[in-house]
Amino acid sequence: MEEKTRKGSRINQRQTGLIYERQAAEYLRNLGYEILDRNYRCRFGEIDIVAKDGRYVVFCEVKYRRDSRKGTPLEAVDPRKQHVIFRCARCYLYERRSGDVPCRFDVIGIEGEKVTHIKNAFIG
């Protein structure tokens, strides 16, 4: 029984994540970003949103928290997660032969109804 609950919980978390990633993509579109890719996967991990902001390719991590009991969404993008995103970004650029494109790493934190967008949240 516990196994099913754990598995079901994981599925619900993934579905919830997709909802807020969609919301974050719409938020970026409204700011004038062009969404290039969503849920890009490679052997190192996943990037939630890849977008174009002017001349920059933006690799964006989206984190949602219902409340701050488990910490803020932005705190969840720790150095280990940043390293994963950076390695995925290198794969993305290599696959598209875009090595000389200026890039940045943004984080969108959604806590309840509040959206916080941090540009240049970390350096790869």
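Note that the coordinates shown come from a computational prediction; the quantities given were computed from them, not determined experimentally.
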Participant: Got a sec, which residues hit salt bridge (Lys or Arg N to Asp or Glu O under 4.0 Å) with Lys119, two or more places apart in sequence or on another chain?
Facilitator: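 With sequence neighbours excluded, Lys119 shows a salt bridge (Lys or Arg N to Asp or Glu O under 4.0 Å) to no residue whatsoever.
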
Participant: Can you get from Ile108 to Leu74 by hopping between Ile, Leu, Val, Met, Phe, Trp and Tyr side chains that sit under 4.5 Å apart?
Facilitator: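 No, Ile108 and Leu74 fall in different hydrophobic clusters.
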
Participant: Would a distance-only check, ignoring hydrogens and angles, find a side-chain to backbone donor-acceptor pair under 3.5 Å from Asp48 to Val62?
Facilitator: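 At least one qualifying donor-acceptor pair exists.
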
Participant: Which class fits the ring pair Tyr40 and Tyr92: parallel under 30°, tilted 30 to 60°, perpendicular over 60°?
Facilitator: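 Perpendicular, since the angle between the ring planes exceeds 60°.
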
Participant: Backbone N or O of Asp106 within a donor-acceptor pair of the Glu61 side chain at under 3.5 Å?
Facilitator: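 Between the backbone of Asp106 and the side chain of Glu61 there is no qualifying donor-acceptor contact (under 3.5 Å).
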
Participant: Could you tell me whether the side chain of Gln23 reaches within less than 4.5 Å of the side chain of Leu18, counting heavy atoms only?
Facilitator: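 Of all side-chain heavy-atom pairs linking Gln23 with Leu18, none is under 4.5 Å.
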
Participant: Counting only N and O atoms by type, is there a donor-acceptor contact under 3.5 Å from the side chain of Ser98 to the main-chain atoms of Val101?
Facilitator: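 No, Ser98 side chain to Val101 backbone: no donor-acceptor pair under 3.5 Å.
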
Participant: If you group Ile, Leu, Val, Met, Phe, Trp and Tyr by side-chain heavy-atom gaps below 4.5 Å, do Val107 and Tyr56 land in one group?
Facilitator: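 Different clusters: Val107 never reaches Tyr56 through Ile, Leu, Val, Met, Phe, Trp or Tyr contacts under 4.5 Å.
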
Participant: Mind checking whether Val50 and Ile85 sit in one hydrophobic cluster, side chains of I, L, V, M, F, W, Y counted as touching below 4.5 Å?
Facilitator: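 Yes, because Val50 and Ile85 connect within a single hydrophobic cluster, where side-chain heavy atoms sit under 4.5 Å apart.
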
Participant: Under the salt bridge (Lys or Arg N to Asp or Glu O under 4.0 Å) rule, collect the residues that match up with Arg41, sequence neighbours excluded.
Facilitator: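 Residues passing salt bridge (Lys or Arg N to Asp or Glu O under 4.0 Å) with Arg41: Glu46.
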
Participant: Should we say atom CZ of Arg90 is surrounded by more than 12 heavy atoms from elsewhere, each under 6.0 Å from it?
Facilitator: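 It does not: Arg90 CZ has 12 such atoms or fewer within range.
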
Participant: Does some side-chain heavy atom of Val58 sit less than 4.5 Å from a side-chain heavy atom of Lys52?
Facilitator: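 Not in contact.
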
Participant: If the condition is ring-ring contact (aromatic ring centres under 6.0 Å, His included), which residues does Phe105 pass it with, not counting sequence neighbours?
Facilitator: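 Result, ring-ring contact (aromatic ring centres under 6.0 Å, His included) vs Phe105: Phe59, Phe122.
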
Participant: Can you hop from Ile110 to Ile35 via hydrophobic side chains spaced under 4.5 Å?
Facilitator: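 Shared cluster, yes.
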
Participant: Is Leu36 linked to Phe86 within one hydrophobic cluster, defined over Ile, Leu, Val, Met, Phe, Trp and Tyr using a side-chain heavy-atom separation of less than 4.5 Å?
Facilitator: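 Yes.
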
Participant: Start with the C-alpha distance between Glu111 and Lys114, add both sets of side-chain angles, then the distance that settles salt bridge (Lys or Arg N to Asp or Glu O under 4.0 Å), and finish with yes or no.
Facilitator: CA-CA 5 Å; Glu111 188 173 345; Lys114 180 183 173 192; over 6 Å; no

Participant: Could you tell me if the side chain of Lys63 sits less than 4.5 Å from the side chain of Thr72, heavy atoms only?
Facilitator: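 With C-beta onward as the side chain, the pair stays apart.
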
Participant: Please indicate whether Leu31 has more than 12 foreign heavy atoms, meaning atoms of other residues, nucleotides or ligands, lying under 6.0 Å from its CG.
Facilitator: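 Yes - once you tally the heavy atoms of other residues, nucleotides and ligands closer than 6.0 Å, there are more than 12.
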
